[in-house]
Amino acid sequence: MDIKDKTILITGGSSGIGKATAIGLAKLDAHVIIATSDERSAQSAVAVIKQQSNNQKVDYLLMDLASQA
């Protein structure tokens, strides 16, 4: 599966299975966006994902999926 030119949004990508998935997809050269509600953990996770995947196309999007507002 070629995902090199795909953008993938992962919820919960700042830790656990979501982070591991983000790293794996970033290693496949996808543009990975992690969605999280905590900016500090998002920034830390993005740095780790970039370092472990050798892919600079990793960003975060702040969102709280528990809130309907």
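Only this structure's heavy atoms are used, side chains among them; waters, hydrogens and symmetry mates stay out.
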Listing, residues 13-21 side-chain donor-acceptor contacts under 3.5 Å, not counting sequence neighbours, or none:
| from | atom 1 | to | atom 2 | distance (Å) |
| --- | --- | --- | --- | --- |
| T21 | OG1 | I17 | O | 2.8 |

If hydrophobic clusters are built by linking Ile, Leu, Val, Met, Phe, Trp and Tyr wherever their side-chain heavy atoms come under 4.5 Å apart, do Y60 and I8 end up in the same one? yes
So which atom in V58 and which in N55 form the shortest heavy-atom distance, rounded to 0.1 Å? CG2-O, 3.6 Å
Residues forming a side-chain contact (heavy atoms from CB on, under 4.5 Å) with Q51, sequence neighbours excluded: none
Report all side-chain donor-acceptor pairs from residues 23-37 shorter than 3.5 Å, counting only partners two or more places apart or in another chain.
| from | atom 1 | to | atom 2 | distance (Å) |
| --- | --- | --- | --- | --- |
| D29 | OD1 | K57 | NZ | 3.4 |
| H31 | ND1 | T7 | OG1 | 3.4 |
| H31 | NE2 | D59 | OD2 | 2.6 |
| T36 | OG1 | D38 | N | 3.4 |

